[in-house]
Amino acid sequence: MQPHKTLLRHLLLARSDWMEARVMEGARRNGYGEVTTAMNRLFAQLRGRPVGLSELARALAVSRQAVHQLANEAARLGLVEFVASENDGRVKLLRFTQKGWAMSDSAAREFAAIEAELAQQIGPQDLTELKRILGKAWSVDEQA
């Protein structure tokens with residue numbers, strides 16, 4: 001049996017946890033301490049565009065009700081708002097508010113700092129190579 005520490009899945013999860021911990025530290029440092037890890041994951045799925053709750057639930061692999069509760073918490077903080085879909089008024093989309101965009105900009109600066117820290121630790125060439133490899137399509141579905 002292969003040790004867990006050498007399985008790709010576990011290596012990727014450990015590095016994802018490493019990055020998420022730094023992002024959450026940055027959020028607290030920059031005045032967004034009320035943002036939870038679950039909200040951080042939700043915000044990452046918005047990708048700068050309004051997204052439906054069902055799509056968010058699928059992307060996060062949680063129930064629509066869980067996404068709705070999380071979105072309501074983020075809306076109470078003034079970071080997101082619900083808007084009607086232009087295509088179907090019955091569908092509610094979630095998008096950043098101005099305060100949410102400011103938070104997103106702050107997070108982008110944190111990600112840049114994290115990448116700079118990582119480049120110092122593993123070297124800029126290895127960071128570039130890591131990003132190149134992770135950016136490749138890993139399945140036929142992604143190639144389409």
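As the structure is a computational prediction, the values presented were derived from the model and not from experiment.
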**Item:** Side chains of Leu42 and Val80 in contact at under 4.5 Å (non-hydrogen atoms)
**Value:** no
**Greater than 12 external heavy atoms within 6.0 Å of Arg49's CZ** = yes
**Prompt:** According to a 4.5 Å side-chain heavy-atom criterion applied to Ile, Leu, Val, Met, Phe, Trp and Tyr, with indirect links allowed, do Phe111 and Val35 form part of one hydrophobic cluster?
**Reply:** no
**Prompt:** OG1/Thr37 to CE/Met39 distance, rounded to the nearest 0.5 angstrom?
**Reply:** 10.0 Å
**Request:** Heavy atoms only: give me the nearest Ala102-Tyr32 pair and the separation to one decimal.
**Result:** C-OH, 3.6 Å
**Asked** Where is the tightest heavy-atom contact between Arg64 and Ser54, given as atom of each residue plus distance?
**Response** NE-OG, 3.3 Å
**Asked** According to a 4.5 Å side-chain heavy-atom criterion applied to Ile, Leu, Val, Met, Phe, Trp and Tyr, with indirect links allowed, do Leu77 and Leu56 form part of one hydrophobic cluster?
**Response** yes
**Request:** Compare all side-chain heavy atoms of Leu93 with those of Val51 and state whether any distance is below 4.5 angstrom.
**Result:** no
**Request:** For residues Ala84 and Lys92, report the shortest heavy-atom separation together with the two atoms involved.
**Result:** CB-NZ, 4.3 Å
**Message:** Would Val23 and Ile114 count as a side-chain contact (heavy atoms from CB on, under 4.5 Å) here? Give the steps.
**Reply:** CA-CA 8 Å; Val23 168; Ile114 290 166; 3.6 Å; yes
**Request:** Might you work through the side-chain contact (heavy atoms from CB on, under 4.5 Å) test for Leu134 and Leu12, ending with a clear yes or no?
**Result:** CA-CA 10 Å; Leu134 292 174; Leu12 290 170; 4.1 Å; yes
**Request:** For residues Trp138 and Ile133, report the shortest heavy-atom separation together with the two atoms involved.
**Result:** NE1-O, 3.4 Å
**Asked** Does the pair Arg47 and Glu55 meet the rule for a salt bridge (charged side-chain N to carboxylate O under 4.0 Å, His left out), with working shown?
**Response** CA-CA 13 Å; Arg47 295 187 181 115; Glu55 182 181 340; over 6 Å; no
**Interatomic distance, Asp88 atom CG to Arg90 atom CZ [nearest 0.5 angstrom]** = 4.0 Å
**Asked** So how far is it from Arg15 CZ to Leu118 CG, rounded to the nearest 0.5 Å?
**Response** 8.5 Å
**Request:** Enter the distance from Leu11:CG to Ser16:OG here, rounded to the nearest 0.5 Å.
**Result:** 12.5 Å
**Complete:** What one should report as the nearest heavy-atom pair of Gln143 and Ala137 is CG-CB, 3.5 Å
**Request:** Could you tell me whether Glu110 and Arg22 have a side-chain N and a carboxylate O separated by less than 4.0 Å?
**Result:** no
**All pairs passing ring pair (Phe, Tyr, Trp, His ring centres under 6.0 Å) where residues 59-105 contributes a residue, at least two apart** = Phe43-Phe96, His68-Phe82, Phe96-Trp101
**Asked** Applying the 4.5 Å side-chain criterion to the ILVMFWY set and letting contacts propagate, would Met103 and Val83 be lumped into a single cluster?
**Response** no
**Message:** Between Lys131 and Glu115, does any NZ, NE, NH1 or NH2 come within less than 4.0 Å of an OD or OE carboxylate oxygen?
**Reply:** yes
**Asked** Do the side chains of Asn40 and Glu20 get nearer than 4.5 Å, heavy atoms only?
**Response** yes
**Complete:** Separation between CG (Leu79) and CG (Leu46), nearest 0.5 Å, reads 10.5 Å
**Message:** Tell me whether the count of non-hydrogen atoms from other residues, nucleotides or ligands lying under 6.0 Å of CD in Glu142 goes above 12.
**Reply:** yes
**Prompt:** What distance separates Gln98 CD from Glu81 CD, expressed to the nearest 0.5 Å?
**Reply:** 9.0 Å
**Prompt:** Should the heavy atoms of other residues, nucleotides or ligands under 6.0 Å from CD of Gln69 be counted, would the total exceed 12?
**Reply:** no
**Message:** I'd like to know whether CZ of Arg29 has more than 12 heavy-atom contacts from other residues, nucleotides or ligands below 6.0 angstrom.
**Reply:** yes
**Item:** Heavy-atom pair with the smallest gap, counting every atom of Leu94 and Ala71
**Value:** CD2-CB, 3.7 Å
